[in-house]
Amino acid sequence: MMQTKATDYSVQQLIDALQHEWEYLIHDDFEEGVDMTIEEHLEYLHTLTHAQLIEECDCDDEYLPFNDYMQYHLQS
């Protein structure tokens, strides 16, 4: 089975996945004044390049392969 490369995902797909992850992470553990709000995080993501967005996903083949990360966070 052919794997999709990280560079095959669009900027918008990467932003959507990262934003979904952020909303999940802060859902029960938001610390005002420390964590970015949902809106601030989305604004931050829009300042990043395609390569920086891929880096922001912080995936590795051993713990969390990139395609698994994207599949999980884009399904919602």
Side-chain angles (χ1 to χ4, degrees):
M1 183 160 88
M2 185 176 216
Q3 290 278 38
T4 304
K5 295 182 282 184
T7 54
D8 290 340
Y9 288 98
S10 70
V11 165
Q12 190 59 56
Q13 287 174 308
L14 293 166
I15 287 172
D16 290 347
L18 285 161
Q19 188 68 6
H20 177 264
E21 178 188 32
W22 183 253
E23 290 178 20
Y24 172 80
L25 290 173
I26 67 165
H27 181 264
D28 292 327
D29 199 24
F30 179 75
E31 195 171 333
E32 191 170 343
V34 175
D35 295 322
M36 286 186 265
T37 65
I38 291 171
E39 295 80 12
E40 290 169 335
H41 187 259
L42 185 58
E43 190 175 309
Y44 162 71
L45 293 176
H46 281 286
T47 69
L48 302 178
T49 66
H50 191 263
Q52 289 170 320
L53 289 165
I54 292 170
E55 181 81 18
E56 195 76 15
C57 293
D58 196 30
C59 295
D60 64 57
D61 289 336
E62 188 175 324
Y63 174 69
L64 180 61
F66 189 83
N67 285 319
D68 291 351
Y69 173 89
M70 292 300 290
Q71 186 174 25
Y72 177 78
H73 288 293
L74 285 179
Q75 70 181 345
S76 301

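Positions are given from 1 along the sequence.
For the atom pair Thr37 OG1 and Glu43 CD, the distance stands at 8.5 Å (nearest 0.5 Å). Atom-to-atom distance recorded for Asp29:CG and His27:NE2 is 11.5 Å, nearest 0.5 angstrom. To the nearest 0.5 Å, atoms CH2 (Trp22) and CG (Asp35) are separated by 4.5 Å. Here Met70 contributes atom CE and His20 contributes atom NE2; the two are 11.5 Å apart, rounded to the nearest 0.5 Å. Note that the CD atom of Glu56 and the CG atom of Leu14 stand 11.0 Å from one another [nearest 0.5 Å]. For the atom pair CG of Asp16 and CG of Leu53, the computed distance is 10.5 Å after rounding to the nearest 0.5 Å.
The shortest non-hydrogen separation linking Tyr9 to Lys5 is CD1-O, 3.7 Å. What you find for Ile38 and Gln19 is that their closest heavy atoms are O-NE2, 3.0 Å. In terms of heavy-atom proximity, Cys59 sits nearest to Pro65 at CB-C, 4.3 Å. Annotation for His41 and Leu18: closest pair CE1-O, 3.7 Å, computed over non-hydrogen atoms.
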Kindly determine whether Tyr69 and Asp58 satisfy side-chain contact (heavy atoms from CB on, under 4.5 Å), including the steps that lead there.
-> CA-CA 9 Å; Tyr69 173 89; Asp58 196 30; over 6 Å; no
Tyr63/Asp68 under side-chain hydrogen bond (donor to acceptor under 3.5 Å, both in side chains): CA gap, chis, key distance, verdict = CA-CA 10 Å; Tyr63 174 69; Asp68 291 351; over 6 Å; no
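Residue Asp61 places its CG atom among 12 or fewer non-hydrogen atoms of other residues, nucleotides or ligands, all under 6.0 Å distant. With a 6.0 Å radius and a threshold of 12 heavy atoms from other residues, nucleotides or ligands, Glu55 has its CD atom at or below the threshold. For Tyr24, the OH atom is loosely surrounded, since the number of other residues' heavy atoms within 6.0 Å does not exceed 12.
Under the 4.5 Å side-chain contact rule for hydrophobic residues, Leu74 and Leu25 do not share a cluster.
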